[in-house]
Amino acid sequence: MAAKTEKLLQVKNLKKYFNVSRKDVLKAVDGVTFDVYKGETLGLVGESGCGKSTTGRTIIRLYDPTDGEVIFDGQDIGGKLNRNEKKNLSKRMQMIFQDPYASLNPRMMVKDIIAEGIDIHHLAKSPKERMDRVYKMLETVGLNREHANRYPHEFSGGQRQRIGIARALAVDPDFIIADEPISALDVSIQAQVVNLMQELQEKQGLTYLFIAHDLSMVKHISDRVGVMYLGNMAELASSDDVYDHPLHPYTQSLLSAIPVADPEIERTRERIILEGDVPSPIDPPSGCRFRTRCPFAMDICAKVRPKWHEAEKNHWVACHLHDEEIKTEKV
Amino acid sequence: GSSSSNDSSSKGSSTELAKDQTLTMSINADIPTLDPNLATDTTSTNAIDMTQSGLTRMHNNKFEWDLAKGEPKVSADKKTYTFTLRDQKWSDGKPVTAQDFVYGWHRQNDPAAKPAYNFLFASVGIKNAAKIEDPDNKAYYGKYDKLGIKALDDKTLQVTLEQAAPPFFYSILSQPQFFPVREDVVKKNGSKYATSADTMLYSGPFVLSDWKKGTGWTYKKNKDYWNAKETKLKTVNFKVVKESGTAVNMYKTGSSDIVQLSAEFIDQFKKQYPKEVQSSVNAGTYYLYINEKTNKNLKNLNLRKALNAAIDRQGLTQTILNDGSVPSNYVVPKDFTAGPDGKDFRSKHPDGFSAGESSEAKSYWNKAKKELGIKSLKINFLSQDTSKVKQIDAYIANQIKKNLPGVTVEVNEQPWANYLKLNNEFKYDIAFSGWFPDYQDPMTYLDMWTTNNPMNTIGWSNKKFDSLIKDAQTNTADVTNRWNDLVSAEELMMSEYPIVPLFQQGYTWAQKSYVKGYSQPSYGPEFDFSKAYILKH
Amino acid sequence: MDHLLEIKDLNVVFHIFGADVQAVRGINLQLDKGETLAIVGESGSGKSVTSKSIMGLIPNPPGEIATGEILFEGNDLVQYTQKQMQKIRGKDISMIFQDPMTALNPTMKIGKQIMEGLIKHQGLSKHDARERAVELLQLVGIPNPEKRVDEYPHQFSGGMRQRVVIAIALACNPKILIADEPTTALDVTIQAQILDLMRDLQEKTGTAIILITHDLGVVANLAKRVAVMYGGKIVETGTLDEIFYNPKHPYTWGLLSSMPKLHAKTDKLLAIPGTPPDLSHPPKGCPFAARCPYAMKVCIDHMPEYTELSKTQKAACWLLDERAPKVVPPSTIGVGGEA
Amino acid sequence: MGRYILKRVGYMIVTFYVVVTLTFLSMKMLPGTPFKFANRLTPEQLNQLKHYYGLDQPVPIQYLHYLWNFIHGDLGGSFQYGMQPVTEFLFQRFPVSLQLGFESMVFGTVLGILLGIVSGINRGRVLDWGTVVLTVVFISIPSFIFAAILQYFFSVQIRIFPVIGWSGPMTHVLPVISIGVGVMATVARFMRTEMVEVLNQDYIVTAQAKGLSTSAVIYKHAIRNAMIPIVTVIGPLTSAVVTGSLVIENIFAIPGIGSQFVDAIVTNDYPMIMGTTELYAGLFIGTILIVDILYGIIDPRIRVSGGKPS
Amino acid sequence: MANSNTDITKESFAKVNLADTESEKITGESVSAWKDALRRFVTNKGAMASMIIIAAIVLFAIIGPHFFGYDIDDQDVSRANLPPKIGALTWIPAFNGYENGVDIYKEKNVTKNYWFGTDQFGRDLWTRTWKGTQISLIIALIATLADVFIGVVYGGVSGYFGGMIDTVLQRILEIIAGIPNLVWIILLMLIMRPGLITITIAILATSWLSMARIVRGEMLKLKNQEFVLASRTLGAGDGRIIFKHLIPNSIGMIIINTMFSVPNAIFFEAFLSFIGLGIRQPQASLGSLINDGYQMLQIHPYQTLYPGIIISLLLICFNIMGDGLRDAFDPKLRR
Ligand SMILES: Nc1ncnc2c1ncn2[C@@H]1O[C@H](COP(=O)(O)OP(=O)(O)OP(=O)(O)O)[C@@H](O)[C@H]1O
Ligand SMILES: Nc1ncnc2c1ncn2[C@@H]1O[C@H](COP(=O)(O)OP(=O)(O)OP(=O)(O)O)[C@@H](O)[C@H]1O
Ligand SMILES: [Mg+2]
Ligand SMILES: [Mg+2]
């Protein structure tokens with residue numbers, strides 16, 4: 001794969017806090033920094049509740065960021081946006097959702113679902129043009145014209161997910177955030193969707209932020225992968241780097257935990273089994289978020305929050321084990 | 001009185017008295033108060049009538065001497081009356097004295113005691129009463145000690161009037177407002193006075209022995225009553241039952257001996273228990289006000305006649321009310337008072353002054369239309385919102401609509417207080433109303449129609465009528481002349497049809513055949529069981 | 001040979017609004033002592049219905065076991081009355097459900113939920129049952145079990161709840177444990193904990209496990225034998241290695257090749273096109289025919305019989321008929337065998 | 001939890017204050033006077049009376065006065081009962097209504113829960129259908145019609161129960177049934193829905209999988225969970241029953257607060273109307289509070305987190 | 001292993017080419033969620049029967065009053081309190097014009113038949129009953145419509161905008177709900193005249209609360225659904241989200257709740273009639289008819305019976321229909 005270098009999206013120290021009660025603040029995303037290059041797929045993995053969706057939703061401005069910068073194609077979109085700016089943004093940045101059952105309005109026909117973006121942005125001059133675009137979108141995602149007049153509940157999960165993709169593509173965006181687009185689908189169907197997304201990327205030069213917790217699928221589709229833990233980014237590198245020599249203990253244990261569909265490997269594999277569950281984001285551990293479950297936790301981990309730094313070339317990590325300063329101190 | 005105290009009709013199994021002289025009745029309201037000075041409603045009044053005594057007592061529509069030992073000594077100018085009291089003890093053993101009467105009368109005229117019915121004193125013409133009750137009269141207002149009553153000694157009571165006593169003087173003395181009151185008991189109990197069975201003293205044929213608020217009460221025979229030998233009943237139970245259906249069910253199952261019947265049950269009872277159904281007419285009269293003050297059309301006599309003729313009273317009393325009420329076309333009810341000649345007031349015009357049959361209504365209406373130059377008429381019919389009245393309203397509205405083509409009636413049913421307000425402000429065309437006597441005299445039905453009387457809320461005015469009434473009020477001494485004045489006044493009034501008389505109220509009740517001597521007279525106690533008894537059964 | 005459990009020609013029908021859903025259409029299965037059998041397959045292929053049939057928990061109405069036998073130690077459970085079934089459930093055969101969040105009664109203490117089965121089946125006193133409950137919690141790796149027996153489910157995290165569910169299932173040392181997607185609702189790191197736990201426990205107790213999942217990774221991790229279901233039927237069964245390294249049914253091929261490989265580079269995943277059949281109007285022939293890249297005329301009209309490929313492996317596919325053209329399975333499934 | 005209760009009590013006080021103010025204001029909007037014989041009084045006499053009752057002062061002063069007295073437990077004197085304190089009447093009558101309401105609630109709730117369970121378990125079968133129709137019928141028949149029929153049948157025709165009264169246990173039967181069937185129907189409907197809901201839950205299957213008998217599953221797992229939400233219906237229902245029994249009280253001549261209240265309205269007895277209204281409101285608000293707290297106690301999920309699960 | 005099927009020939013093993021699009025084919029006609037719900041509803045026997053009964057009652061409410069040419073206020077005391085008599089059905093004791101074994105028609109010399117009998121004013125109860133049904137239905141309709149609108153708007157605003165607005169609106173709602181129904185009625189009763197407006201206001205004062213709660217809940221649930229978020233990311237404004245997404249998806253709940261508030265309104269009107277706040281004479285509603293007849297319950301039970309039957313039927317049918325709709329719209333039952 002050719003190296004992609006032009007930055008389409010820059011996320012800097014993004015934070016999103018929710019006020020869950022008068023006292024409590026839930027730090028769903030607590031200072032993540034990463035770039036997305038034009039034409040690449042950046043995978044985002046992590047356990048449930050670690051803030052993947054929140055990151056995606058904050059970038060696309062479903063949520064207003066608590067702090068931090070989001071720069072999209074040179075333009076800062078992290079601050080206050082007026083209606084028009086939001087609308088323009090929505091043409092260039094789109095989202096695909098997780099639940100194929102909940103993401104389509106059951107009361108609308110497929111054609112109206114797909115045409116929603118066209119209608120909002122007045123992309124069609126006549127009803128005929130509108131329908132033409134709808135048909136084109138349907139064909140693009142491998143459905144046919146007859147499907148335009150049907151209702152979502154008549155479709156299977158994979159088909160619905162393709163309708164969701166068609167809806168996002170209808171406004172001709174550059175950047176798509178896919179929030180677990182396949183995790184609710186059957187194994188045999190997942191490949192349909194993933195293949196389709198890859199095809200589209202090749203044809204239309206799309207850029208993806210691909211959120212999932214299925215690491216093998218993320219690895220398959222992504223150029224680079226970011227690993228999140230409890231609102232923080234733990235590691236970010238090219239997918240091969242992340243899988244072949246992960247630096248962060250969390251990434252390591254995560255990788256070892258995935259059961260592989262190969263009995264041979266499964267029989268011989270050593271696992272790093274993590275103790276306990278993910279702590280609550282309302283009251284996260286001090287210092288390094290992962291230290292409570294980390295097999296290598298040190299004293300400093302409780303005191304100092306590890307720096308997000310480029311430990312190797314294009315391999316970012318936030319862990320004291322890989323922090324040069326601390327390493328040298330120790331040695 | 002025509003009340004059916006049918007002692008004679010004892011076709012029952014025997015005439016022997018039952019051992020258990022207990023009578024049980026249901027009633028639809030609790031006793032609000034036992035205080036004679038505060039009582040305004042029939043239930044309180046009845047309770048006071050049965051448990052206390054005044055100078056006189058009403059029985060079967062006639063007064064009897066009660067605590068007064070017979071006729072008083074009357075002065076020559078007929079203005080001063082000196083009563084001698086009988087020996088009667090209060091239920092705490094102390095004698096009833098003339099001072100108790102003085103205190104009672106004073107208290108009734110003391111604004112601080114918040115009496116509501118003291119205008120009776122002025123109506124009778126007790127000396128200074130009118131002035132004492134008039135807040136504008138700075139010199140007299142509230143100075144009840146200037147009232148014309150004096151205790152000459154413990155047993156002698158002197159009453160002074162402004163003029164010769166009107167004929168109803170002795171009968172009105174049976175009203176609780178004129179009863180003796182024990183000052184020490186009032187003072188001792190304060191605000192609790194007369195609110196329960198034991199914060200009150202008794203001097204009547206019965207004592208109140210048990211009063212459970214909301215449930216009922218019990219009277220026991222008062223052995224110390226001077227006329228106790230005539231009291232046959234040992235116990236009388238009253239049960240508070242608000243649903244007429246429930247009361248009837250109690251009667252049917254034998255848990256009460258007497259039940260007041262509402263219209264719907266009467267036919268059934270007449271079929272099922274023909275011997276037990278009793279009825280009497282009382283002195284309540286009902287009529288329609290006609291607003292002549294603010295409604296020009298209604299000044300037309302033919303229109304008023306048309307209204308009068310339009311209503312079929314027979315249908316109203318027979319089918320809608322069905323409770324013994326009788327159609328009326330007069331102002332003063334029948335069987336209420338007798339004149340100096342001993343004849344009933346109604347004897348000269350027994351059927352009143354009908355403007356005609358309903359078939360004639362149309363011709364009056366046609367004449368009126370011509371005279372007024374109108375084609376149709378909209379009538380605002382003011383009434384009250386109680387369920388029984390609503391039925392009457394529906395009937396009357398329909399009668400007028402049906403018999404006077406072109407007239408539309410809009411019924412405006414209001415709560416009592418609002419009704420009064422609209423009525424006083426003349427915001428109506430016709431209004432349903434009724435009258436109960438304050439005292440036993442035709443005057444109580446007639447004087448309110450005089451010009452400028454605050455009760456005259458119809459705007460009718462007739463000089464001749466005014467002078468006849470005035471004459472009757474001032475010349476109390478000439479009894480026959482006064483009587484004739486009143487008869488003429490009614491004749492005069494009804495020639496102009498300022499109101500549309502509808503009916504004279506009747507009561508229908510059922511009493512078990514073993515109950516004798518019970519009556520519901522037209523004036524006096526509502527339920528008179530003072531001389532009732534139970535036959536063996 | 002006497003199996004611990006043997007299912008013969010099981011048919012389950014649901015009579016629902018306007019249609020009869022033939023959820024399970026004539027399946028045959030055997031399970032031996034101490035063995036782990038995985039049932040994999042498409043969503044809606046009848047995996048859960050099969051397991052519920054074994055437990056006698058098909059909701060009736062609308063469900064009904066139309067025909068078939070479920071022989072447990074030689075006795076046909078289909079003929080059992082509810083009373084008889086209640087003696088088997090939880091004691092000889094027990095079950096773990098997919099969603100630990102809803103599988104526990106929210107208003108009953110954890111301890112009591114574990115104790116219920118013990119008291120019922122082993123006649124333990126309250127006190128003994130409680131002690132055993134604490135032991136069980138300890139066994140499934142819940143710290144502080146003495147304290148936690150008296151807590152309520154909502155005070156437990158998802159992973160811990162699933163451990164509790166397992167503890168309940170294991171309470172009476174059942175001969176068969178049916179685990180219906182025991183880890184689907186859990187995070188990978190927790191899933192690893194649970195899978196470890198299950199394997200340990202099986203080693204200790206020798207319980208036979210029926211593992212239902214659609215995650216082939218989990219199958220590879222835990223199972224000894226695999227049955228692949230599609231459209232209410234078992235299309236292929238065999239040992240773990242046979243299914244993974246020498247599959248014969250095109251659906252199995254598709255299943256295996258649509259999974260990305262973590263340790264090998266795949267350029268493009270092999271997708272199975274189309275959607276599974278509607279079981280209220282099941283196809284006459286092979287249920288997979290409509291989506292099968294090798295489909296032949298015969299597949300559409302005739303259901304293939306099983307072909308015994310080895311002592312342990314058999315598959316139902318017309319490609320295995322000698323008249324059928326030879327096809328090469330897709331290379332993506334790695335170890336390719338020829339059909 | 002403590003915070004939660006405190007918050008609820010706060011709302012309760014505000015609500016109650018609103019009720020007190022509303023009753024006061026609407027009383028002031030009333031036409032006419034409380035004096036029955038107003039038509040026989042001169043305007044002067046009327047003013048005099050108004051002065052006695054403090055009705056001639058400006059409304060805000062009357063209001064403050066009223067609030068002040070209210071805080072001190074003085075609801076004024078009843079106009080129709082010669083200024084006897086209203087509180088006395090309320091204290092005398094209320095316990096009867098409360099007892100009637102309580103007995104009806106127990107009767108209705110117990111039967112309703114049973115019926116709801118039976119119906120829920122047999123969803124879609126004849127028994128369920130029968131119960132559904134029965135409950136709707138009972139909800140549809142006004143309680144006074146039902147009471148009248150019961151009285152006619154059981155007291156007049158068969159003569160098992162006395163026509164009126166509130167003394168022995170026999171006198172309680174008919175009124176309690178008359179009110180109770182409505183409660184029963186409401187509770188049964190609610191319980192049925194909850195049962196159906198609960199029986200579809202996974203933990204029921206878990207319980208069945210443990211090998212528990214059907215009755216144990218229903219009794220120990222389904223019913224308890226289905227009954228928790230019932231508490232929320234019972235609260236408002238209780239006060240609706242206690243306050244709504246006025247018609248029944250009249251039919252069976254029960255000396256409760258309801259019949260008293262009707263009288264008060266008919267006679268424009270302001271203080272009595274206000275007092276009773278406030279009592280009703282207090283009762284209602286109180287039960288809702290108790291129910292909320294109770295809910296927290298019964299449902300372990302709230303006990304810890306302090307708030308209803310959404 | 002060998003296949004015994006004789007019709008399997010060599011060419012059966014020819015490969016068929018299934019086009020990709022072929023496998024995507026959906027058979028059967030397109031059904032919207034509405035049609036789907038409708039179908040389920042139609043197969044629900046109880047609900048359908050209820051709907052037919054309601055339709056019949058509505059029909060009679062419209063044509064019934066014109067059967068005999070009587071007006072609702074056609075009084076004639078000479079024919080008062082006649083029991084029901086239907087010429088063709090005199091063999092049924094309930095319709096032979098007898099009361100307590102006496103032929104009342106003969107006794108009163110009445111030749112015409114009155115199907116539901118007459119009241120104490122001699123008014124034809126058939127006419128009055130159906131006219132009353134009309135009024136009751138209109139009251140229910142007015143009240144329900146208003147209730148729906150207030151409830152939907154209040155709940156919608158509260159749920160959709162959330163935040164401070166929601167908090168404030170919810171606190172207000174809590175306080176309103178904290179005041180018992182009876183208290184509202186009493187206050188109204190004291191200051192208003194009976195009649196249609198009073199009835200409507202009385203119903204409104206309290207009944208929209210549940211609708212508001214339900215709509216708010218729906219809004220809270222829906223506004224975070226992915227399809228709404230999707231619409232947001234496409235740049236949709238509040239108006240589009242509300243009218244295209246939220247309302248169409250909560251309308252099922254709104255309809256169901258309406259089905260339950262219709263009988264509530266009818267029942268409530270009856271209760272208001274009972275305490276004297278109902279419709280005014282000579283107008284009649286089912287509630288006022290029952291209340292009038294109630295006085296006669298022991299003597300002329302038929303005067304309560306027919307309005308009673310109709311009101312009960314209405315309540316029962318609306319309730320069963322509501323249940324049916326709930327099932328029809330239940331997402332859990334959908335496949
Ligand atoms: N609108 C919200 N209000 C309050 N808390 C929220 C909100 N959205 C998310 N959270 C919380 O923020 C944290 C991160 O949630 P997020 O949905 O981003 O996780 P995720 O990584 O996408 O998890 P999953 O894999 O389950 O989708 C969680 O603890 C979640 O409960
Ligand atoms: N209670 C039920 N009522 C109606 N149909 C049912 C019911 N339970 C299952 N089915 C049907 O039976 C078929 C098989 O369902 P089953 O739950 O066994 O699938 P599964 O293989 O377990 O799928 P998943 O992987 O999604 O759990 C499905 O088509 C389903 O619709
Ligand atoms: Mg997420
Ligand atoms: Mg399943």
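Order of the sequence lines sets the chain letters (A, B, ...), proteins ahead of strands, with each chain counted from 1. Predicted model, so just to flag it, every value in this text is computed and none were measured.
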Between B/Val248, B/Asp393, B/Asn249, B/Val411, the one whose heavy-atom pairs under 4.5 Å with chain E are most numerous: B/Asn249
N-O pairing of E/Asp73 and B/Lys401 below 4.0 Å: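 Here E/Asp73 pairs with B/Lys401 in a salt bridge, since their nearest N and O are under 4.0 Å apart.
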Heavy-atom count around [X] [atom1] within 6.0 Å, excluding the residue itself: above 12?
{"X": "E/Ile197", "atom1": "CD1", "value": "no"}
{"X": "E/Glu107", "atom1": "CD", "value": "yes"}
{"X": "E/Phe68", "atom1": "CZ", "value": "yes"}

Does E/Gln75 offer a backbone N or O that forms a donor-acceptor pair with the side chain of B/Lys402 under 3.5 Å?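 Yes; at least one donor-acceptor contact below 3.5 Å.
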Minimal heavy-atom distance between E/Val77 and B/Gly315, with the atoms involved, is CG2-CA, 3.9 Å
Given the rule in the side chain to side chain contact (heavy atoms under 4.5 Å, CB included) test, do B/Gln391 and E/Gln120 qualify, once you have shown the distances and angles that lead to the verdict? CA-CA 9 Å; B/Gln391 294 184 354; E/Gln120 51 172 339; 2.9 Å; yes
For E/Phe121 and B/Ile320, what are the C-alpha separation, side-chain angles and deciding distance, and is it a side chain to side chain contact (heavy atoms under 4.5 Å, CB included)? CA-CA 7 Å; E/Phe121 295 102; B/Ile320 311 299; 3.3 Å; yes
Pairwise distance NZ(B/Lys390) to OG(E/Ser288) - rounded to 0.5 angstrom: 9.5 Å
Rounded distance (nearest 0.5 Å) linking atom CG of E/Asn81 with atom OG1 of B/Thr319: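 Output value for this atom pair is 8.5 Å.
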